[in-house]
Amino acid sequence: MEKGLISVDRWTEGSQVYFLTHLHSDHTRGLSSSWDRGLLFCSRLTAKLFPFKFPGLDLSLLRILDVGSWHSISLISPSSGEKTVVQVMAIDAHHCPGSVMLLFRGEFGCLLYTGDFRWETSSEKANIGRTTLLKALKDDVVDILYLDNTYCNPSYSFPSRDIAAQQVVDIIISHPDHDIIIGIDSLGKEELLYHISHKLNIKIWVWPERLQTMHLLGFHDIFTTKTTVTRVRAVPRYSFSIDTLERLNTIHSTVGIMPSGLPWVAKPLKGNENLFPSLITSYKSKWSTNGGTRTDKLKENLGSVDKFHKHIYSVPYSDHSCFMEIQEFINLVQPTNIRGIVNSSSCYVDPLYYFGRLCRANQPSLGLNYKQEKRVEGKRLIAVQTKSNVGSGKSSEANRKQGRTAELDISGVQVSKVNALRQVRRGAKIAQNESSD
DNA sequence: GCGATCAGTT
DNA sequence: CACAACTGATCGC
């Protein structure tokens, strides 16, 4: 009935080739050291990290996508049974080390899969990213944009990572006699730690496995596993709790910093308020001075930084795009259609609700109807299996609550929620259907 | 031992 | 509160 062609961050059987955008565990669920279902394409850095995450994995199955250049892959068209070429380009996603977006061209059209991504708009890096993307797209039209819609809601507003990193530095400076612990995951936030180390001229403690990762990533001097040489430690997020901090504080005054979490989310908008309250300007002004080390004074200067516990600060350092950045990105890409790749968010709204007007198809925002698009050229149909919601806002809501995925049939109508229980949280299976017209 | 799934955690 | 990312217990094989 339906044969798979390619899968992105999805590891179920049935595709000819597989792609991994980055090595976070919520994208590798279903992947293991005994992987043998086919070639696995990823960035060079991801490939380098692979043996560490999946020791024993058959490395001969890995294929490296160098960022910024087109790769051609010969596959068998599920519809015709003949050879077909898929072209793919990896583009830096600025999410975590090795993370990429994937741009596909083939007989199915042009698809852009963002994976998890951060699209900061002001830095030099951002400019390079922008021009790289535009160059890659050139005169292609993106038929479907698979979007990291984690924060696809106007209530999600936070500053650039540069600014958030400086907030962390300021917290550390204003606690000169404290130990500092920062919660991080197994990959990501290296730039934050680098920034701290650089600004304060201090080494940063990490746990032994993390030090190995740092070495693989090319950091050789700023991290240490010796507790005696620094008061700043980066610890696994799961070991970071109120309890931990209270225990630590019985030994030595310690402040915890959580770069993430969501207490910093702006309050939900009501009515016809300005859609984009500019919190960023307030971050800038509030953090320009310091020197006040008294707690109450500091508190006033915190701006978006939330002190949600006696010993813990939450800083809005995010590796996902905020709403404005998502908007900026969609404006740039101008896809024909958009699908979210995350639907577990409580603030989940179909990206088209906010961004439908930015799409080329410019469909009425209520009738999120995929039929026309499916009929392109009258003979080729793209079936997509993904966690993304389809249909009306109401069914999106229903889907979300039940944690289900949606599946599209050839006419683009939502048909099956049945197998959904077995499916992974994220990822898309990009398949080509039997043509029947 | 391995993979999948669930229930937690910040 | 809430998310992404992760750990650990449990189950079937």
Side-chain angles (χ1 to χ4, degrees), chain A residues 9-13 20-37 49 53-57 93 95-99 114-118 148-153 155-158 161 181-190 192 207 209-210 213 234-248 255-268 304 306-309 311-323 326 340-349 387 400-405 419-427:
Chain A
D9 294 350
R10 247 184 147 271
W11 311 100
T12 50
E13 229 167 335
L20 175 63
T21 59
H22 66 289
L23 265 173
H24 277 156
S25 61
D26 53 336
H27 291 254
T28 58
R29 195 163 306 152
L31 180 59
S32 73
S33 290
S34 54
W35 175 256
D36 62 355
R37 288 189 175 141
L49 295 167
K53 278 260 183 183
F54 296 98
L57 184 111
H95 172 68
C96 71
S99 67
T114 65
D116 289 350
F117 82 121
R118 177 97 201 234
D148 172 12
N149 55 311
T150 303
Y151 297 132
C152 189
N153 183 303
S155 63
Y156 291 117
S157 172
F158 40 79
R161 284 172 292 193
I181 67 170
I182 303 170
I184 61 169
D185 290 320
S186 64
L187 192 62
K189 310 281 194 288
E190 292 78 13
L192 168 62
W207 63 102
E209 294 81 6
R210 199 56 159 99
T213 304
V235 303
R237 222 164 50 161
Y238 57 84
S239 74
F240 184 113
S241 65
I242 291 174
D243 211 50
T244 314
L245 270 140
E246 281 176 348
R247 263 194 11 256
L248 286 171
V255 160
I257 300 173
M258 284 298 283
S260 187
L262 286 183
W264 36 267
V265 170
K267 292 179 185 72
S304 64
D306 189 22
K307 190 167 187 185
F308 66 77
H309 180 267
H311 307 301
I312 302 177
Y313 290 89
S314 173
V315 180
Y317 189 102
S318 170
D319 285 325
H320 294 269
S321 300
C322 66
F323 184 78
I326 293 174
I341 62 175
V342 184
N343 81 349
S344 66
S345 162
S346 73
C347 284
Y348 184 89
V349 181
K387 276 284 277 193
R400 170 179 72 72
K401 289 225 166 104
Q402 291 159 40
R404 285 174 171 159
T405 62
N419 297 342
L421 299 169
R422 299 290 100 156
Q423 294 176 3
V424 293
R425 282 192 70 239
R426 294 177 180 240

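Just so it is clear, the values below take in all heavy atoms, side chains as well, and ignore hydrogens, waters and symmetry mates. For clarity, every value in this text was computed on a predicted model and none was experimentally measured. Here is the naming used below: chain letters follow the sequence lines, and residue numbers restart at 1 for every chain.
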Check whether A/Arg210 reaches the backbone of A/Asp185 with its side chain - one donor and one acceptor, N or O, closer than 3.5 Å. yes
Taking the six-membered ring for Trp and the full ring for Phe, Tyr or His, determine whether the centres of A/Phe158 and A/Tyr151 are under 6.0 Å apart. yes
Parallel, tilted or perpendicular: which fits the ring planes of A/His22 and A/His24, with parallel below 30° and perpendicular above 60°? perpendicular
Please give, in whole Å, the distance from [N] [atom2] to [X] [atom1]?
X        : N      : atom1 : atom2 : result
A/Ile341 : C/dA4  : CD1   : C1'   : 12 Å
A/Asp148 : C/dC3  : CG    : C1'   : 12 Å
A/Phe240 : C/dC3  : CZ    : P     : 20 Å
A/Asp243 : B/dT9  : CG    : P     : 12 Å
A/Asn153 : C/dA2  : CG    : P     : 14 Å
A/Leu31  : B/dG3  : CG    : C1'   : 12 Å
A/His311 : B/dT10 : NE2   : P     : 15 Å
A/Glu13  : B/dG3  : CD    : C1'   : 14 Å

Give me the atom names and distance for the closest heavy-atom approach of [X] to [Y].
X        : Y        : value
A/Leu20  : A/His27  : CD1-O, 3.8 Å
A/Cys96  : A/Gly188 : CB-CA, 4.1 Å
A/Trp207 : A/Val235 : CZ3-C, 3.4 Å

Sole candidate of A/Asn149, A/Thr150, A/Asp148 that passes side-chain contact (heavy atoms from CB on, under 4.5 Å) when paired with A/Cys152: A/Asn149
N or O in side chain of A/Ser32 less than 4.0 angstrom from B/dC2 OP1/OP2: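 So the side chain of A/Ser32 is outside the cut-off, no N or O lying under 4.0 Å from OP1 or OP2 of B/dC2.
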Does a side-chain N or O from A/His95 land closer than 4.0 Å to OP1 or OP2 of C/dA4, or not?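 No, outside the criterion.
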When you measure from the side chain of A/Ser241, which nucleotide among C/dC3, C/dA5, B/dT10 comes out closest?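 Side chain of A/Ser241 sits closest to B/dT10.
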Polar atoms only, N or O, under 3.5 Å: list the protein pairs with nucleotides 6-10 of chain C and their distances.
residue : atom : partner  : partner atom : Å
C/dC6   : OP1  : A/Ser186 : N            : 3.4
C/dC6   : OP1  : A/Ser186 : OG           : 2.6
C/dC6   : OP2  : A/Ser25  : N            : 2.6
C/dC6   : OP2  : A/Ser25  : OG           : 2.9

